[in-house]
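So the structure is just underneath, and the comments pick up after that.
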Amino acid sequence: MPELPEVETIARQLRGLVVDRTISEFESRWVRLTEPEPAEVVGARLRGRRISDVRRRGKFVVFDLDGGEALVVSLRMTGKLLYGVEDVDERYVRGEIRFEDGTALRFSDTRKFGRMAVIDASTLDGNGETRRPKMPLHASLGQEPLARGFTVAWLRALLRRRPRAAIKVLLLDQRAIAGIGNIYAIEALWRARIHPLRKAGSLRADEIARLHEAIRWALRKGIRLGGASPSDYVDARGNKGRMQREFQVYARAGEPCPRCGRAIVRSVVGGRGTFHCPRCQRVPRA
DNA sequence: CACGGTGCCTGCCGGC
DNA sequence: TGCCGGCAGGCACCGT
């Protein structure tokens, strides 16, 4: 499940691999891959375009194209972007971008949740403030947590704006902060010693500062270790990450908390599996 | 608007 | 051994 560190890893690799290459052909092998746009329309917009940069915005991989447009790829749960990988399982290849030099970038996605679209690159620039009903997610992404703008003061203001939301639900809201997924939200809350169900508006100043530091710590560690591969994730070269070895609480129900030794508890918050230490992360007083 | 529930998908795993 | 329900979870979508 690619989150910010995994997508960052992929984008950095691809930047060194496909920048300056010109697209000669786009092939879709899954009818919903480019939905709601037909694959032929996307193909027509990609053909002949040179990739000028590859970057990450939230959990999206962004391929900037000459002319101000960009190809955005949402990997969702099991999406992979593979370049120069030999043993690709053809059953799960949902799309392919071929280049004029004969090389190809392949999109593999077991569960078919991933999507691709060609968009106006400028729609990625906002910080969530432009959100409107029915606006696509990529056009209303929130603050980048590793950017300079993500300060303790900014986080405090966000929590004040959404005081009733459970803190974990808020961390996962891509329109608030872009890029945090279930794993890194869980790890950050554990490090900050904050219970996932705490109301955002109830956090004290010292807790907000700890959370700010913990978010950056978790994400940077994930990037440094090449992402987390508890199951499916591989980078653009087909290699697994190493962050899964460093999980403190994620998927560790029943195991001792690395900080205090108490058994880690699994629960469900916002519909997703959640892990926390019942001693380090106190239950919010009901 | 915010919030909660459901569907999308497939592989995997535990129970019988 | 084989079948089947449940689970994984990011996000769109829908109802309240």
Side-chain angles (χ1 to χ4, degrees), chain A residues 1-8 10 28-37 56-61 72-81 88-95 107-117 119 124 128-142 145 158-187 189 196-201 219 222 227-234 240 243-244 247 249-254 266-275 284:
Chain A
M1 33 205 121
E3 307 180 21
L4 186 153
E6 290 74 32
V7 178
E8 181 68 29
I10 292 168
S28 171
R29 299 188 199 167
W30 163 239
V31 282
R32 301 185 61 183
L33 178 63
T34 58
E35 170 174 276
E37 207 85 82
R56 176 195 61 75
R57 175 75 172 101
K59 300 178 200 172
F60 291 86
V61 182
V72 293
V73 179
S74 172
L75 301 169
R76 287 292 238 289
M77 300 298 297
T78 55
K80 306 168 171 59
L81 283 167
V88 177
D89 192 332
E90 290 294 327
R91 289 177 298 168
Y92 307 125
V93 175
R94 311 302 181 191
F107 182 68
S108 162
D109 186 14
T110 322
R111 290 169 67 178
K112 298 179 173 174
F113 284 174
R115 295 291 183 269
M116 289 185 181
I119 60 148
L124 292 163
E129 73 279 1
T130 52
R131 54 204 275 201
R132 270 180 272 123
K134 297 200 81 175
M135 178 180 276
L137 178 59
H138 63 71
S140 54
L141 291 168
L158 170 67
L159 303 202
R160 266 203 286 257
R161 227 180 302 137
R162 304 278 304 277
R164 298 164 63 84
I167 187 60
K168 189 196 173 207
V169 172
L170 186 52
L171 294 183
L172 292 175
D173 184 348
Q174 302 300 300
R175 290 171 167 84
I177 305 172
I180 301 175
N182 202 37
I183 290 174
Y184 293 93
I186 287 167
E187 294 291 308
L189 287 169
L197 281 175
R198 286 280 299 280
K199 296 297 178 203
L219 296 175
S229 303
S231 50
D232 296 86
Y233 167 75
V234 293
K240 287 180 176 294
M243 177 67 183
Q244 66 280 5
F247 289 159
V249 287
Y250 180 82
R252 292 193 177 282
R266 182 189 188 278
S267 64
V268 176
V269 177
R272 282 105 127 190
T274 300
F275 302 86

Let me know the distance between [atom1] of [X] and [atom2] of [N], rounded to the nearest Å.
X: A/R272; N: B/dC3; atom1: CZ; atom2: C1'; result: 13 Å
X: A/D109; N: B/dG11; atom1: CG; atom2: C1'; result: 13 Å
X: A/Q244; N: C/dA8; atom1: CD; atom2: C1'; result: 16 Å
X: A/R91; N: B/dC9; atom1: CZ; atom2: C1'; result: 15 Å
X: A/L141; N: C/dG10; atom1: CG; atom2: P; result: 15 Å

The residue, A/V169 or A/R76, whose nearest nucleotide of DNA chain B is more 5′ is A/V169
Convert the base pairs of DNA chain C into dot-bracket notation, remembering that pairs crossing earlier ones are written with [ ] and that bases paired across to another strand are shown as |; include only Watson-Crick or G-U pairs under 3.5 Å.
-> .|||||||||||||||
Indicate the atoms forming the closest heavy-atom contact of A/F247 with A/P230, along with that distance.
->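 For A/F247 versus A/P230, the nearest heavy atoms are CE1-CB, 4.2 Å.
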Quick one: closest heavy-atom pair of A/G95 and A/L33, and the distance?
-> CA-CD2, 3.9 Å
Between [options], which one does the side chain of [X] approach most closely?
X: A/N182; options: C/dG10, C/dA8, C/dC11; result: C/dG10
X: A/T110; options: C/dA12, C/dG10, B/dT10; result: B/dT10
X: A/R266; options: C/dA12, B/dC3, C/dA8; result: C/dA8
X: A/Q174; options: C/dC11, B/dA2, C/dG10; result: C/dC11
X: A/Y250; options: B/dC3, C/dC11, C/dA8; result: C/dA8

Side chain to side chain, A/Y250 and A/N182, heavy atoms closer than 4.5 Å =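 Yes, at least one pair of side-chain atoms sits under 4.5 Å.
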Evaluate the side-chain proximity of A/W30 to A/V93: yes if any heavy-atom separation is below 4.5 Å, no if none is.
-> no
B/dG11 phosphate, OP1 or OP2, under 4.0 Å from A/Y92 side-chain N/O | yes
Within the structure, does a side-chain N or O atom of A/K112 lie under 4.0 Å from either OP1 or OP2 of B/dT10?
-> yes
Pull out every residue in residues 28-35 of chain A that has a heavy atom closer than 4.0 Å to any atom of DNA chain B, ordered by number, or say none.
-> A/W30, A/R32
Is a salt bridge present between A/D232 and A/R111, judged by a nitrogen-to-oxygen distance below 4.0 Å?
-> no
Polar contact flag, side-chain donor to acceptor under 3.5 angstrom, A/E3-A/Y233 = no
Name the nucleic acid region contacted by A/G271, choosing base, sugar-phosphate or nothing; use a 4.0 angstrom heavy-atom cut-off, strictly under.
-> nothing
Report the distance from atom CG of A/L4 to atom CD1 of A/I183, rounding to the nearest 0.5 Å.
-> 12.5 Å
Enter the distance from A/I186:CD1 to A/R266:CZ here, rounded to the nearest 0.5 Å.
->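 Rounded to the nearest 0.5 Å, the CD1-CZ separation comes to 9.0 Å.
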Is the base of C/dA8 touched by the side chain of A/R111 through a donor-acceptor pair closer than 3.5 angstrom?
->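 Result: at least one qualifying N/O pair found.
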Give me the one residue out of A/R94, A/K80, A/R76, A/R115 that meets side-chain contact (heavy atoms from CB on, under 4.5 Å) with A/D109.
-> A/R94
